[in-house]
Number of protein chains: 2
Amino acid sequence: MQLELSVDRSSPVPLYFQLSQQLEAAIEHGTLTPGSLLGNEIELAARLGLSRPTVRQAIQSLVDKGLLVRRRGVGTQVVHSQVKRPLELSSLYDDLEAAGQRPATRVLVNKLVPASAEVAAALGVAEDSDVHRVERLRLAHGEPMAYLCNFLPPGLIDLDTDQLETTGLYRLMRAAGITLHSARQSIGARAATTEEAERLAEETGAPLLTMQRVTFDDTGRAVEYGTHTYRPTRYSFEFQLLVRT
Amino acid sequence: MQLELSVDRSSPVPLYFQLSQQLEAAIEHGTLTPGSLLGNEIELAARLGLSRPTVRQAIQSLVDKGLLVRRRGVGTQVVHSQVKRPLELSSLYDDLEAAGQRPATRVLVNKLVPASAEVAAALGVAEDSDVHRVERLRLAHGEPMAYLCNFLPPGLIDLDTDQLETTGLYRLMRAAGITLHSARQSIGARAATTEEAERLAEETGAPLLTMQRVTFDDTGRAVEYGTHTYRPTRYSFEFQLLVRT
DNA sequence: GTAGTCAGATTGTCCGGACATACAGATTGA
DNA sequence: TCAATCTGTATGTCCGGACAATCTGACTAC
């Protein structure tokens, strides 16, 4: 069957983007079934009244997302496996909300403190200089799920406790005009100390999932350093990843 | 200072790839310092005797890798933060070897077994049909580090125990002509059972880091399903990730 | 002095074409 | 019958050009 595709040249949205979105929607919706050929680029371009480079750009973006596979001499086809999303830089809050869990946050600490050596190194600021320290308890369905301790350099964002209780940190940062670009993460596990256990309603010595992360904006500045502990019975890290080529 | 760049038109290596590799090397080597402008595309193209689309393709590949940032009206500059690698689909064996640890593998099980419901679902094969089951203990410096249990569909690869002891599973699969494409991972933690503790020389109830993974090739077939447990005192997952744009 | 405006610079998008390269299947030869 | 070769098809690479969108900084007007 013929796929219904069309582009709006009067729209400010780039043509290749319009096309890639329609193709992605068709894949998501099942109109383009896994394994099916996409039809050659030349004809597709002619059918849409676009040039081949534009069509290629649209297809390439979906190849990069892992939705399509190109084979020289064969064609472009939809991958069989259900690709979800390739581990984006998302916040726990958004993840929980998307999963239908009603997330809640209890802000335990929100103040300026002198940076420890560890924090100073991670954020690239001078030791003992002032940094924001935010400690939060993240709940889902009223049950504690994670304990989040974050450090931010000063002057970057105005951290309002009320806002922190109603939304995620990443969303606040994006809203403040910070372009999140990359992050360096480390995921591990360890036994809960008595203090940690108490916070998360676990037993002392119970296994905890830990995550440390330094986030950078597009200028390469470190904009956030966080040390998080999760209850492994309530949370695990799930993600899809692609090979780099 | 002027960066020394040149391309070899007689080489079968694509021109844009030659350029991107030279730029990447210059960034890695420090010749291109973080924050420095790359010079505009037009002039760069003229200097190298290339067309602008070719130069753009080279630059774009580095932008995708997170090494460069483009700004309309400003230019292209090197990001400040030290980007390592964006979480490729690597094997524990390669990771350890790259880190200078001398990895060793002890194959505990290597046989065909009927697929359980869980395995059948992950690999997309019929329940009770034959699948390879491989259990391995991964050691570093003679100390147990991880227990790896993997399942593979039959007919895909010849699993030789000797080879499994001297290299990683992924390397074997790639050598067998399998193109690894994507994987779905889940990382969590739990307390060690007595059996698990014994295998890894830990105490019963000690925290363990767990990872489950289904790997797909470029046709979308599931080619491997694995359940791994790591000693968190010896291993943690470290990776860099980029925002998708 | 401050805000608005304008011009230059640079990347973003798009076009049309050309040739190279690799794959699959049909044809041909032994 | 089987293997080597040819051929068509589709993507991969590359070119040269055109115009649009956006950012920076300087200029101008109030």
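Chain identifiers are assigned alphabetically (A, B, ...) following the order of the sequence lines, protein sequences preceding nucleic acid strands; residue numbering begins at 1 within each chain. Values below: all heavy atoms of this structure, side chains included; hydrogens, waters and symmetry mates excluded.
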For this session: State which of D:dT11, C:dT11, C:dC15 makes the closest approach to the side chain of A:R72.
Result: D:dT11
Exercise. Of A:G75 and A:P12, whose closest DNA chain D nucleotide lies nearer the 5' terminus?
Worked result: A:G75
For this session: Grab the CD1-P distance between A:I59 and D:dT11 for me, whole Å please.
Result: 7 Å
Exercise. A:Q57 has an atom CD; how far is it from atom P of D:dT11, in whole Å?
Worked result: 16 Å
Exercise. Between D:dC14 atom C1' and B:L19 atom CG, what is the distance in whole Å?
Worked result: 13 Å
Exercise. To the nearest Å, how far apart are A:E43 CD and D:dA10 C1'?
Worked result: 12 Å
Problem set entry | Separation of atom CD1 in A:I42 from atom C1' in D:dG12, rounded to whole Å | 11 Å
Exercise. For B:R70 and C:dT10, is the shortest distance between a side-chain N/O and OP1 or OP2 below 4.0 Å?
Worked result: no
Problem set entry | B:L159 vs B:V134 side-chain heavy atoms within contact, under 4.5 Å | yes
Seminar exercise, completed: Against the side chain of A:R56, the closest entry in D:dT11, D:dC14, D:dG16 is D:dT11
Exercise. Which class fits the ring pair A:Y225 and A:F151: parallel under 30°, tilted 30 to 60°, perpendicular over 60°?
Worked result: parallel
Exercise. Is any side-chain nitrogen or oxygen of B:T76 closer than 4.0 Å to OP1 or OP2 of C:dT10?
Worked result: no
Seminar exercise, completed: B:L37 atom CG is separated from C:dT11 atom C1', nearest whole Å, by 12 Å
Exercise. Mapping A:G73 and B:V74 onto DNA chain D by nearest heavy atom, which one lands closer to the 5' end?
Worked result: A:G73
Exercise. Within the structure shown, what part of the strands sits under 4.0 Å from B:P14 by heavy-atom distance: base, sugar-phosphate, or nothing?
Worked result: sugar-phosphate
Exercise. C:dT13 phosphate, OP1 or OP2: any side-chain N/O from A:Y16 under 4.0 angstrom?
Worked result: yes
For this session: Name the residue closer to the 5' end of DNA chain C, choosing between A:L15 and A:R71 according to the nucleotide with the nearest heavy atom.
Result: A:L15
For this session: Classify the nucleic acid contact of B:R52 as base, sugar-phosphate or nothing, counting any heavy atom under 4.0 Å across all strands shown.
Result: base
Problem set entry | Value in whole Å for how far the C1' atom of C:dC14 lies from CZ of A:F17 | 17 Å
Exercise. What's the spacing between B:S61 OG and B:E24 CD if we round to 0.5 Å?
Worked result: 7.5 Å
For this session: Check whether any side-chain nitrogen or oxygen of B:T54 sits under 4.0 Å from OP1 or OP2 of D:dC15, and answer yes or no.
Result: yes
Problem set entry | Rounded distance (Å) that lies between atom C1' of D:dA21 and atom CG of B:N40 | 17 Å
For this session: Using a strict cut-off of less than 4.0 Å between a Lys/Arg side-chain nitrogen and an Asp/Glu carboxylate oxygen, indicate whether A:E135 and A:K111 qualify as a salt bridge.
Result: no
Problem set entry | Side-chain touch A:R70/A:I59, heavy atoms, less than 4.5 angstrom | yes
Exercise. Of the nucleotides C:dG16, D:dG12, C:dT10, which one has an atom closest to the side chain of A:E41?
Worked result: D:dG12
